[in-house]
Amino acid sequence: MNSESWTSRLAKERVVIVPSLLAADFANLEREIRKLEAGGAQVLHIDVMDGLLVPNITVGAPVVASIRKVTSLKLDVHLMIVEPERYVEAFRKAGADSLSVHIEAVPDPTEILQKIRALGATPGLVLNYGTPLEKIAPYAQLADVLLTMSVPAGFGGQKFHPDVLDSVRVLRKLARPDALIEIDGGIDVDTIGSAAEAGVNFFVVGTGVFRAEDYGAQMKLLKKAAFNALSAR
Ligand code: DX5
Ligand code: ZN
């Protein structure tokens with residue numbers, strides 16, 4: 001079978017808003033997910049932190065499995081953990097559709113990206129804020145998702161760092177044409193346009209969605225701001 005991958009299908013949409021559950025009400029995750037589904041979300045971003053690679057601790061595979069049970073949306077799992085090779089299988093079994101690992105955790109990610117693909121998930125590679133682009137550049141073609149952090153990974157609600165857009169522009173050129181170019185951190189209506197112009201097509205948004213009353217309306221506003229910037233070029 002030669003069916004198109006879900007990531008290359010989404011890449012064609014040019015602007016995909018990916019809500020980050022880190023900013024959701026964790027006591028009412030199912031209700032939050034229903035609101036996102038009704039608002040038109042196609043993908044949910046789940047932040048996994050271990051307190052070692054990043055200073056914060058969040059959720060593990062059991063929570064991903066619980067989310068998987070209540071939704072058919074794609075699950076984009078951002079692994080902010082050391083030794084991710086120990087856990088990718090568990091997260092895949094839990095229902096992750098994409099698994100992204102940090103270059104700071106795996107300096108040569110060749111093997112783990114292959115492993116993720118062999119498990120049937122989409123392999124993603126992440127560059128944290130402050131890590132030189134040269135670290136990730138040699139491996140750009142091996143990933144279907146290339147995620148640039150626009151804040152230091154670890155917490156939601158931080159301020160966007162526009163200097164990362166230079167790295168995004170280079171990664172866009174190095175990546176496979178059908179790869180998703182993802183950005184994460186401080187994306188909101190006032191920052192999304194510049195990211196879109198730099199070549200991002202996959203926009204993780206935490207507080208920028210969840211602090212709104214109406215998630216669907218907010219996602220539409222974000223999408224519109226991105227498309228406005230693209231058409232003004
Ligand atoms: C931060 C996480 C993000 C976070 C983004 O380390 O990787 O996914 O949820 O939150 P905002 O959009 O609020 O910056
Ligand atoms: Zn994230």
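Because the structure is a prediction, the values reported are computed rather than measured.
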ring-ring contact (aromatic ring centres under 6.0 Å, His included) contacts touching residues 142-184 (sequence neighbours left out): Tyr129-His161
Partners meeting side-chain contact (heavy atoms from CB on, under 4.5 Å) with Lys159 (sequence neighbours left out): none
CG-CD distance between Leu127 and Glu134, expressed to the nearest 0.5 angstrom: 9.5 Å
Salt bridge (charged side-chain N to carboxylate O under 4.0 Å, His left out) against Asp190, all qualifying residues, sequence neighbours excluded: none
All side-chain contact (heavy atoms from CB on, under 4.5 Å) counterparts of Leu221, not counting sequence neighbours: Val189, Gln218
From CA spacing to verdict: salt bridge (charged side-chain N to carboxylate O under 4.0 Å, His left out), Glu4, Lys12: CA-CA 11 Å; Glu4 188 183 22; Lys12 285 186 190 145; 2.5 Å; yes
Donor-acceptor contact present, side-chain Glu85 to main-chain Ile112, <3.5 Å: no
Residues that Glu13 engages under salt bridge (charged side-chain N to carboxylate O under 4.0 Å, His left out), provided they are two or more places apart: none
Salt bridge (Lys or Arg N to Asp or Glu O under 4.0 Å) contacts in which one or both residues fall within residues 107-129, not counting sequence neighbours: Arg117-Asp144
Non-hydrogen atoms of Val164 and Met149 that approach each other most closely: CG1-O, 3.5 Å
Set of residues satisfying side-chain contact (heavy atoms from CB on, under 4.5 Å) with respect to Val168, sequence neighbours excluded: Thr148, Leu165, Ile181, Ile183, Ala198, Val200
All ring pair (Phe, Tyr, Trp, His ring centres under 6.0 Å) counterparts of His45, not counting sequence neighbours: His78
All N/O donor-acceptor pairs, side-chain side in residues 49-71, below 3.5 Å, sequence neighbours left out:
residue, atom, partner, partner atom, Å
Asp50, OD1, Leu52, N, 2.8
Asp50, OD1, Leu53, N, 2.9
Asp50, OD2, Val82, N, 2.8
Asn56, ND2, Gly154, O, 3.0
Thr58, OG1, Asp47, O, 2.7
Thr58, OG1, Met49, N, 2.8
Ser66, OG, Pro62, O, 3.0
Arg68, NH1, Gly95, O, 2.9
Arg68, NH1, Asp97, OD2, 3.0
Arg68, NH2, Thr71, O, 2.9
Arg68, NH2, Leu73, O, 2.6
Thr71, OG1, Glu37, OE2, 2.6
Thr71, OG1, Leu73, N, 3.1

Stepwise side-chain contact (heavy atoms from CB on, under 4.5 Å) check, Leu75 with Ile46: CA-CA 7 Å; Leu75 301 181; Ile46 303 175; 4.2 Å; yes
Report, one line per pair, each donor and acceptor closer than 3.5 Å where one atom sits in a side chain of residues 207-214; sequence neighbours left out.
residue, atom, partner, partner atom, Å
Arg211, NH1, Asp188, OD2, 2.9
Arg211, NH2, Asp188, OD1, 3.4
Arg211, NH2, Asp188, OD2, 3.1
Asp214, OD1, Gly216, N, 3.1
Asp214, OD1, Ala217, N, 3.0

Salt bridge (charged side-chain N to carboxylate O under 4.0 Å, His left out) against Arg169, all qualifying residues, sequence neighbours excluded: Asp166
Salt bridge (charged side-chain N to carboxylate O under 4.0 Å, His left out) partners for Arg233, two or more places apart: none
